[in-house]
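Taking it in order: structure first as C-alpha coordinates, then the write-up.
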Amino acid sequence: MKIVEPKYEILTDISEGGIKELQQIERVARVCYKSEDKITPDGESAKKLVGFLVKQGHEAMLEHSQLSVLFTCDRGVANELVRHRIASFAQESTRYCNYSKEKFEGSITVVEPFYIDKEQNRLFYRKWVESCELAEKTYFLMLMNGYRPEQARCVLPLCLKTEIVVTANYREWRNIFKLRTPVAAHPQMRELMCPLLKELQSKIPVVFDDIYTYWPKDEQTGKESVEE
Ligand SMILES: NC(=O)C1=CN([C@@H]2O[C@H](COP(=O)(O)OP(=O)(O)OC[C@H]3O[C@@H](n4cnc5c(N)ncnc54)[C@H](OP(=O)(O)O)[C@@H]3O)[C@@H](O)[C@H]2O)C=CC1
Ligand SMILES: Nc1nc(=O)c2c([nH]1)NC[C@@H]1CN(c3ccc(C(=O)N[C@@H](CCC(=O)O)C(=O)O)cc3)CN21
Ligand SMILES: O=c1ccn([C@H]2C[C@H](O)[C@@H](COP(=O)(O)O)O2)c(=O)[nH]1
(Lines give C-alpha, C1' and ligand atoms only; values in the text may rest on other atoms or scores of the structure.)
(Ligands and ions follow the chains in the order given, each with its own letter.)
Protein backbone atom coordinates (compact mmCIF):
# COMPACT_ATOMS: atom_id res chain seq x y z
CA MET A 1 0.00 0.00 0.00
CA LYS A 2 1.27 3.44 -0.91
CA ILE A 3 0.65 6.50 1.25
CA VAL A 4 0.83 9.89 -0.47
CA GLU A 5 0.26 13.52 0.40
CA PRO A 6 -2.42 15.40 -1.54
CA LYS A 7 -1.28 17.86 -4.19
CA TYR A 8 -2.45 19.90 -7.15
CA GLU A 9 -0.98 20.83 -10.51
CA ILE A 10 -2.16 23.76 -12.61
CA LEU A 11 -2.50 22.25 -16.09
CA THR A 12 -3.27 25.47 -17.95
CA ASP A 13 -0.27 27.53 -19.06
CA ILE A 14 -0.35 30.94 -17.45
CA SER A 15 1.55 33.72 -19.26
CA GLU A 16 4.29 35.83 -17.65
CA GLY A 17 2.57 38.00 -15.06
CA GLY A 18 -0.83 36.67 -16.13
CA ILE A 19 -1.08 39.52 -18.63
CA LYS A 20 -2.40 37.54 -21.62
CA GLU A 21 -5.18 36.10 -19.48
CA LEU A 22 -6.27 39.57 -18.34
CA GLN A 23 -5.98 40.97 -21.86
CA GLN A 24 -8.34 38.28 -23.14
CA ILE A 25 -10.98 39.41 -20.63
CA GLU A 26 -10.24 43.06 -21.41
CA ARG A 27 -10.66 42.50 -25.15
CA VAL A 28 -14.06 40.91 -24.55
CA ALA A 29 -15.28 43.43 -21.97
CA ARG A 30 -14.34 46.49 -24.03
CA VAL A 31 -16.76 45.34 -26.73
CA CYS A 32 -19.56 46.40 -24.33
CA TYR A 33 -18.47 50.05 -24.16
CA LYS A 34 -16.56 50.11 -27.48
CA SER A 35 -13.56 51.27 -25.48
CA GLU A 36 -10.97 49.20 -27.38
CA ASP A 37 -8.96 52.39 -27.99
CA LYS A 38 -8.01 52.32 -24.30
CA ILE A 39 -6.11 49.03 -24.58
CA THR A 40 -2.42 49.40 -23.73
CA PRO A 41 0.01 46.63 -24.78
CA ASP A 42 1.77 46.48 -21.38
CA GLY A 43 -1.37 45.05 -19.79
CA GLU A 44 -1.88 47.98 -17.43
CA SER A 45 -5.25 48.87 -18.98
CA ALA A 46 -6.31 45.23 -18.62
CA LYS A 47 -5.38 45.12 -14.93
CA LYS A 48 -7.30 48.32 -14.32
CA LEU A 49 -10.43 47.27 -16.18
CA VAL A 50 -10.56 43.71 -14.81
CA GLY A 51 -9.95 45.08 -11.30
CA PHE A 52 -12.86 47.46 -11.81
CA LEU A 53 -15.16 44.70 -13.07
CA VAL A 54 -14.35 42.42 -10.13
CA LYS A 55 -14.87 45.25 -7.66
CA GLN A 56 -18.22 46.17 -9.18
CA GLY A 57 -19.35 42.51 -9.27
CA HIS A 58 -19.62 42.43 -13.08
CA GLU A 59 -18.28 38.89 -13.05
CA ALA A 60 -19.86 37.81 -16.34
CA MET A 61 -16.75 39.07 -18.12
CA LEU A 62 -14.61 36.62 -16.09
CA GLU A 63 -16.43 33.76 -17.75
CA HIS A 64 -14.35 34.38 -20.89
CA SER A 65 -11.48 32.34 -19.43
CA GLN A 66 -10.53 28.77 -18.60
CA LEU A 67 -8.33 27.11 -16.03
CA SER A 68 -7.68 23.38 -15.50
CA VAL A 69 -6.26 22.00 -12.28
CA LEU A 70 -5.32 18.37 -11.60
CA PHE A 71 -5.95 17.44 -7.96
CA THR A 72 -4.50 14.37 -6.30
CA CYS A 73 -6.79 13.99 -3.32
CA ASP A 74 -8.93 11.43 -1.57
CA ARG A 75 -12.35 10.24 -2.66
CA GLY A 76 -14.05 12.29 0.06
CA VAL A 77 -12.61 15.57 -1.19
CA ALA A 78 -13.25 14.61 -4.82
CA ASN A 79 -16.90 13.93 -3.98
CA GLU A 80 -17.19 17.52 -2.76
CA LEU A 81 -15.37 18.96 -5.79
CA VAL A 82 -17.81 17.39 -8.24
CA ARG A 83 -20.72 19.28 -6.69
CA HIS A 84 -19.55 22.43 -8.48
CA ARG A 85 -21.92 22.29 -11.39
CA ILE A 86 -20.37 24.87 -13.68
CA ALA A 87 -17.07 22.99 -13.83
CA SER A 88 -16.00 20.07 -16.05
CA PHE A 89 -14.35 16.96 -14.65
CA ALA A 90 -12.20 13.96 -15.55
CA GLN A 91 -11.56 11.47 -12.73
CA GLU A 92 -9.59 8.29 -12.12
CA SER A 93 -12.07 5.42 -12.18
CA THR A 94 -12.32 2.62 -9.62
CA ARG A 95 -14.36 0.73 -12.21
CA TYR A 96 -11.75 0.87 -14.93
CA CYS A 97 -8.55 0.84 -12.84
CA ASN A 98 -7.50 -2.51 -11.39
CA TYR A 99 -5.04 -1.75 -8.60
CA SER A 100 -3.69 -5.29 -8.59
CA LYS A 101 -2.11 -4.66 -12.02
CA GLU A 102 1.57 -3.90 -12.58
CA LYS A 103 0.75 -0.33 -13.66
CA PHE A 104 -0.27 0.34 -10.06
CA GLU A 105 2.60 -1.77 -8.69
CA GLY A 106 -0.02 -4.13 -7.29
CA SER A 107 -1.13 -1.82 -4.51
CA ILE A 108 -3.76 0.71 -3.64
CA THR A 109 -2.73 4.29 -2.83
CA VAL A 110 -4.23 6.25 0.05
CA VAL A 111 -4.00 9.93 0.97
CA GLU A 112 -2.56 10.68 4.37
CA PRO A 113 -4.91 12.69 6.63
CA PHE A 114 -2.63 15.51 7.83
CA TYR A 115 -4.59 15.90 11.05
CA ILE A 116 -3.53 12.49 12.38
CA ASP A 117 -0.06 13.43 13.51
CA LYS A 118 2.37 10.60 12.73
CA GLU A 119 4.59 11.42 15.72
CA GLN A 120 2.19 12.75 18.33
CA ASN A 121 -0.68 10.44 17.59
CA ARG A 122 1.13 7.23 16.75
CA LEU A 123 -1.69 5.01 17.97
CA PHE A 124 -4.31 6.49 15.66
CA TYR A 125 -1.89 6.78 12.77
CA ARG A 126 -1.12 3.06 13.11
CA LYS A 127 -4.82 2.24 13.37
CA TRP A 128 -5.50 4.28 10.23
CA VAL A 129 -2.73 2.43 8.34
CA GLU A 130 -3.99 -0.94 9.58
CA SER A 131 -7.55 -0.30 8.50
CA CYS A 132 -6.40 0.77 5.02
CA GLU A 133 -4.22 -2.32 4.77
CA LEU A 134 -7.13 -4.54 5.72
CA ALA A 135 -9.24 -2.88 3.03
CA GLU A 136 -6.48 -3.45 0.48
CA LYS A 137 -6.13 -7.09 1.48
CA THR A 138 -9.85 -7.71 1.14
CA TYR A 139 -9.95 -5.86 -2.21
CA PHE A 140 -7.20 -8.11 -3.61
CA LEU A 141 -8.83 -11.21 -2.13
CA MET A 142 -12.09 -10.34 -3.88
CA LEU A 143 -10.25 -9.79 -7.19
CA MET A 144 -8.49 -13.15 -6.84
CA ASN A 145 -11.86 -14.78 -6.29
CA GLY A 146 -13.34 -13.49 -9.52
CA TYR A 147 -14.88 -10.18 -8.48
CA ARG A 148 -14.36 -7.33 -10.94
CA PRO A 149 -12.66 -4.07 -9.78
CA GLU A 150 -16.03 -2.30 -9.90
CA GLN A 151 -17.32 -4.86 -7.40
CA ALA A 152 -14.25 -5.24 -5.18
CA ARG A 153 -14.08 -1.44 -4.78
CA CYS A 154 -16.88 -1.63 -2.20
CA VAL A 155 -14.31 -2.29 0.53
CA LEU A 156 -11.99 0.58 -0.42
CA PRO A 157 -11.81 3.54 2.00
CA LEU A 158 -12.77 7.17 1.42
CA CYS A 159 -9.10 8.06 1.80
CA LEU A 160 -8.35 6.16 -1.44
CA LYS A 161 -6.22 8.37 -3.69
CA THR A 162 -7.94 9.71 -6.77
CA GLU A 163 -6.87 12.10 -9.51
CA ILE A 164 -9.39 14.60 -10.77
CA VAL A 165 -9.08 17.39 -13.31
CA VAL A 166 -11.33 20.36 -12.63
CA THR A 167 -11.79 22.79 -15.52
CA ALA A 168 -13.73 25.98 -14.95
CA ASN A 169 -13.79 29.66 -15.84
CA TYR A 170 -12.45 32.28 -13.43
CA ARG A 171 -15.91 33.21 -12.21
CA GLU A 172 -16.58 29.64 -11.14
CA TRP A 173 -13.10 29.33 -9.61
CA ARG A 174 -13.89 32.43 -7.54
CA ASN A 175 -17.09 30.73 -6.37
CA ILE A 176 -15.16 27.53 -5.59
CA PHE A 177 -12.52 29.42 -3.57
CA LYS A 178 -15.16 31.33 -1.63
CA LEU A 179 -16.80 28.06 -0.61
CA ARG A 180 -13.72 25.89 -0.21
CA THR A 181 -11.14 28.02 1.59
CA PRO A 182 -12.99 29.27 4.69
CA VAL A 183 -12.58 27.50 8.03
CA ALA A 184 -16.03 25.92 7.55
CA ALA A 185 -14.77 23.88 4.57
CA HIS A 186 -13.31 20.41 5.05
CA PRO A 187 -9.70 20.60 6.32
CA GLN A 188 -8.37 18.43 3.50
CA MET A 189 -10.22 20.57 0.95
CA ARG A 190 -8.59 23.66 2.46
CA GLU A 191 -5.23 21.92 2.44
CA LEU A 192 -5.40 22.02 -1.38
CA MET A 193 -7.52 25.09 -2.09
CA CYS A 194 -5.72 27.59 0.14
CA PRO A 195 -2.28 27.13 -1.48
CA LEU A 196 -3.89 26.96 -4.94
CA LEU A 197 -5.65 30.27 -4.32
CA LYS A 198 -2.40 31.77 -3.09
CA GLU A 199 -0.51 30.57 -6.17
CA LEU A 200 -3.16 31.92 -8.54
CA GLN A 201 -3.11 35.26 -6.75
CA SER A 202 0.62 35.42 -7.40
CA LYS A 203 0.33 34.37 -11.07
CA ILE A 204 -2.82 36.19 -12.25
CA PRO A 205 -3.26 39.77 -11.01
CA VAL A 206 -6.54 41.19 -9.73
CA VAL A 207 -8.92 38.28 -10.49
CA PHE A 208 -8.62 36.51 -7.12
CA ASP A 209 -7.13 39.26 -4.97
CA ASP A 210 -10.26 40.04 -2.99
CA ILE A 211 -10.64 36.43 -1.80
CA TYR A 212 -8.61 35.70 1.29
CA THR A 213 -8.56 33.23 4.09
CA TYR A 214 -7.00 32.78 7.46
CA TRP A 215 -5.21 29.52 6.89
CA PRO A 216 -3.92 27.80 8.94
CA LYS A 217 -4.53 30.17 11.82
CA ASP A 218 -7.47 28.00 12.86
CA GLU A 219 -4.92 25.39 13.94
CA GLN A 220 -6.06 22.83 11.41
CA THR A 221 -2.60 22.47 9.99
CA GLY A 222 0.90 23.60 10.71
CA LYS A 223 1.69 24.53 7.12
CA GLU A 224 2.10 27.91 5.43
CA SER A 225 -0.34 30.74 6.06
CA VAL A 226 -2.33 33.13 3.89
CA GLU A 227 -3.46 36.44 5.27
CA GLU A 228 -5.72 39.27 4.25
N1 LIG B 1 -22.63 21.13 2.90
C2 LIG B 1 -21.74 22.10 2.91
O3 LIG B 1 -21.25 22.52 3.93
C4 LIG B 1 -21.30 22.62 1.61
C5 LIG B 1 -21.86 22.14 0.47
N6 LIG B 1 -21.48 22.60 -0.73
C7 LIG B 1 -22.14 22.06 -1.89
O8 LIG B 1 -21.35 22.29 -3.00
C9 LIG B 1 -22.20 22.50 -4.11
C10 LIG B 1 -21.57 23.51 -5.04
O11 LIG B 1 -21.73 24.87 -4.64
P12 LIG B 1 -22.53 25.97 -5.54
O13 LIG B 1 -22.37 27.30 -4.95
O14 LIG B 1 -23.90 25.50 -5.80
O15 LIG B 1 -21.67 26.02 -6.80
P16 LIG B 1 -21.86 25.65 -8.30
O17 LIG B 1 -20.50 25.76 -8.73
O18 LIG B 1 -22.60 24.42 -8.55
O19 LIG B 1 -22.74 26.83 -8.90
C20 LIG B 1 -22.29 28.17 -8.92
C21 LIG B 1 -23.46 29.09 -9.05
O22 LIG B 1 -24.05 28.91 -10.33
C23 LIG B 1 -25.43 29.04 -10.25
N24 LIG B 1 -26.04 27.79 -10.72
C25 LIG B 1 -25.45 26.60 -10.88
N26 LIG B 1 -26.28 25.68 -11.34
C27 LIG B 1 -27.45 26.29 -11.47
C28 LIG B 1 -28.74 25.86 -11.88
N29 LIG B 1 -28.98 24.61 -12.25
N30 LIG B 1 -29.74 26.76 -11.89
C31 LIG B 1 -29.51 28.02 -11.51
N32 LIG B 1 -28.31 28.50 -11.11
C33 LIG B 1 -27.30 27.64 -11.07
C34 LIG B 1 -25.75 29.42 -8.83
O35 LIG B 1 -25.67 30.82 -8.75
P36 LIG B 1 -26.59 31.70 -7.79
O37 LIG B 1 -26.10 31.43 -6.40
O38 LIG B 1 -26.31 33.11 -8.23
O39 LIG B 1 -27.98 31.23 -8.00
C40 LIG B 1 -24.58 28.86 -8.07
O41 LIG B 1 -24.32 29.50 -6.86
C42 LIG B 1 -23.55 22.90 -3.59
O43 LIG B 1 -24.48 21.95 -4.08
C44 LIG B 1 -23.43 22.85 -2.11
O45 LIG B 1 -24.49 22.19 -1.50
C46 LIG B 1 -20.51 23.54 -0.83
C47 LIG B 1 -19.90 24.05 0.26
C48 LIG B 1 -20.24 23.64 1.58
N1 LIG C 1 -25.44 44.95 -14.07
C2 LIG C 1 -24.31 45.13 -14.83
N3 LIG C 1 -23.86 46.37 -15.08
C4 LIG C 1 -22.77 46.56 -15.85
O5 LIG C 1 -22.40 47.71 -16.05
C6 LIG C 1 -22.08 45.43 -16.39
C7 LIG C 1 -22.57 44.15 -16.10
N8 LIG C 1 -23.70 44.03 -15.33
N9 LIG C 1 -21.90 43.03 -16.55
C10 LIG C 1 -20.63 43.15 -17.22
C11 LIG C 1 -20.59 44.41 -18.05
C12 LIG C 1 -19.26 44.82 -18.63
N13 LIG C 1 -19.04 46.17 -18.14
C14 LIG C 1 -18.03 47.02 -18.59
C15 LIG C 1 -17.78 48.24 -17.97
C16 LIG C 1 -16.81 49.10 -18.44
C17 LIG C 1 -16.09 48.78 -19.56
C18 LIG C 1 -15.07 49.72 -20.12
O19 LIG C 1 -14.62 49.53 -21.22
N20 LIG C 1 -14.69 50.77 -19.38
C21 LIG C 1 -13.69 51.71 -19.84
C22 LIG C 1 -14.25 53.10 -19.95
C23 LIG C 1 -15.35 53.19 -20.97
C24 LIG C 1 -15.46 54.51 -21.66
O25 LIG C 1 -14.75 54.67 -22.65
O26 LIG C 1 -16.21 55.33 -21.15
C27 LIG C 1 -12.50 51.68 -18.88
O28 LIG C 1 -11.38 51.85 -19.39
O29 LIG C 1 -12.72 51.52 -17.68
C30 LIG C 1 -16.31 47.56 -20.20
C31 LIG C 1 -17.28 46.70 -19.72
C32 LIG C 1 -20.04 46.59 -17.21
N33 LIG C 1 -20.96 45.52 -17.18
O1 LIG D 1 -18.47 20.76 2.81
C2 LIG D 1 -19.19 20.05 2.07
C3 LIG D 1 -20.07 19.10 2.57
C4 LIG D 1 -20.81 18.34 1.73
N5 LIG D 1 -20.71 18.51 0.39
C6 LIG D 1 -21.48 17.68 -0.53
C7 LIG D 1 -20.63 16.60 -1.16
C8 LIG D 1 -21.53 15.38 -1.18
O9 LIG D 1 -22.32 15.43 -2.36
C10 LIG D 1 -22.44 15.57 0.03
C11 LIG D 1 -21.92 14.90 1.30
O12 LIG D 1 -20.53 15.15 1.43
P13 LIG D 1 -19.64 14.89 2.75
O14 LIG D 1 -18.26 15.32 2.36
O15 LIG D 1 -19.76 13.44 3.04
O16 LIG D 1 -20.21 15.73 3.84
O17 LIG D 1 -22.49 17.01 0.19
C18 LIG D 1 -19.86 19.44 -0.13
O19 LIG D 1 -19.77 19.60 -1.35
N20 LIG D 1 -19.11 20.17 0.75
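Just follow the structure's listing: the first ligand is 1, and inside any ligand the first atom is 1.
Counting only residues at least two apart or on different chains, the ring-ring contact (aromatic ring centres under 6.0 Å, His included) pairs with a member in residues 135-170 are Tyr170-Phe208.
Glu133 and Lys137 are not joined by a salt bridge, as no carboxylate oxygen comes within less than 4.0 angstrom of a charged side-chain nitrogen. By the 4.0 Å N-to-carboxylate-O rule, Glu80 lies close enough to Arg180 to be salt-bridged with it. In summary, Lys38 and Glu36 do not engage in a salt bridge, as defined by a charged side-chain N under 4.0 Å from a carboxylate O.
In the vicinity of Ser35, heavy-atom distances shorter than 4.0 Å reach the ligand 2 atoms 18 (C), 19 (O), 21 (C), 23 (C), 25 (O). Set against the non-hydrogen atoms of Leu53, the atoms of ligand 2 under 4.0 Å away are 12 (C), 13 (N), 14 (C), 15 (C). For ligand 2, the atoms closer than 4.0 angstrom to any heavy atom of Lys38 are 22 (C), 24 (C), 25 (O), 28 (O).
Phe114 and Val4 are assigned to two separate hydrophobic clusters, defined by single-linkage of ILVMFWY side chains at heavy-atom distances under 4.5 Å. In the hydrophobic cluster analysis, where Ile, Leu, Val, Met, Phe, Trp and Tyr join through side-chain heavy atoms closer than 4.5 angstrom, Val28 is grouped together with Leu22. In the hydrophobic clustering of ILVMFWY residues, with side-chain heavy atoms under 4.5 Å counting as a link, Leu200 and Ile176 come out together.
Looking only at heavy atoms of the protein, atom 21 (C) of ligand 2 is closest to Arg30 NH1, 3.4 Å. When hydrogens are left out, the protein atom nearest atom 23 (C) of ligand 2 is Tyr33 CD2, 3.6 Å; that is the closest non-hydrogen contact. The protein non-hydrogen atom at the shortest distance from atom 20 (N) of ligand 2 is Leu49 CD1, 3.7 Å.
Taking every heavy atom of both residues into account, Gln188 and Val111 meet most closely at NE2-CG1, 4.5 Å. The two atoms that bring Thr40 and Ser45 nearest to each other are N-OG, 2.8 Å, heavy atoms only.
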Which donor-acceptor pairs under 3.5 Å do side chains of residues 86-94 form with protein atoms, sequence neighbours excluded?
unit_1, atom_1, unit_2, atom_2, d
Gln91, NE2, Thr162, OG1, 3.1
Glu92, OE1, Lys161, NZ, 3.0
Glu92, OE1, Glu163, N, 3.3
Glu92, OE2, Tyr99, OH, 2.6
Ser93, OG, Arg95, N, 3.0
Ser93, OG, Tyr96, N, 2.9
Thr94, OG1, Arg153, NH1, 3.1

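For the pairing with Leu11, the side-chain contact (heavy atoms from CB on, under 4.5 Å) check across Leu67, Val69, Val165 returns one residue only, Val165.
Comparing His58, Gln56, Glu59, Glu63 by heavy-atom distance to atom 4 (C) of ligand 2, the nearest is His58.
For Trp173 and Phe177, the ring centers sit closer than 6.0 Å to each other.
Contact annotation for Met61 and ligand 2: only side-chain heavy atoms (C-beta onward) come within less than 4.0 Å of the ligand.
By the 6.0 Å contact criterion, NZ on Lys2 is enclosed, its count of non-hydrogen atoms from other residues, nucleotides or ligands being greater than 12.
Taking a 4.0 Å cut-off on heavy atoms, Ala29 registers as neighbouring ligand 2.
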Residue pair Glu21, Val50: steps toward the side-chain contact (heavy atoms from CB on, under 4.5 Å) verdict: CA-CA 10 Å; Glu21 288 69 17; Val50 176; over 6 Å; no
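Taking a heavy-atom cut-off of under 4.0 Å, ligand 1 is surrounded by Arg83, His84, Arg85, Ile86, Glu172, Asn175, Leu179, Arg180.
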Between ligand 3 and the protein, find all N/O pairs closer than 3.5 Å and give the distance for each.
unit_1, atom_1, unit_2, atom_2, d
ligand 3, 9 (O), Arg83, NH1, 2.9
ligand 3, 14 (O), Glu80, OE2, 2.5
ligand 3, 17 (O), Arg83, NH1, 3.3
ligand 3, 19 (O), Arg180, NH2, 2.7
ligand 3, 20 (N), Arg180, NH1, 2.7

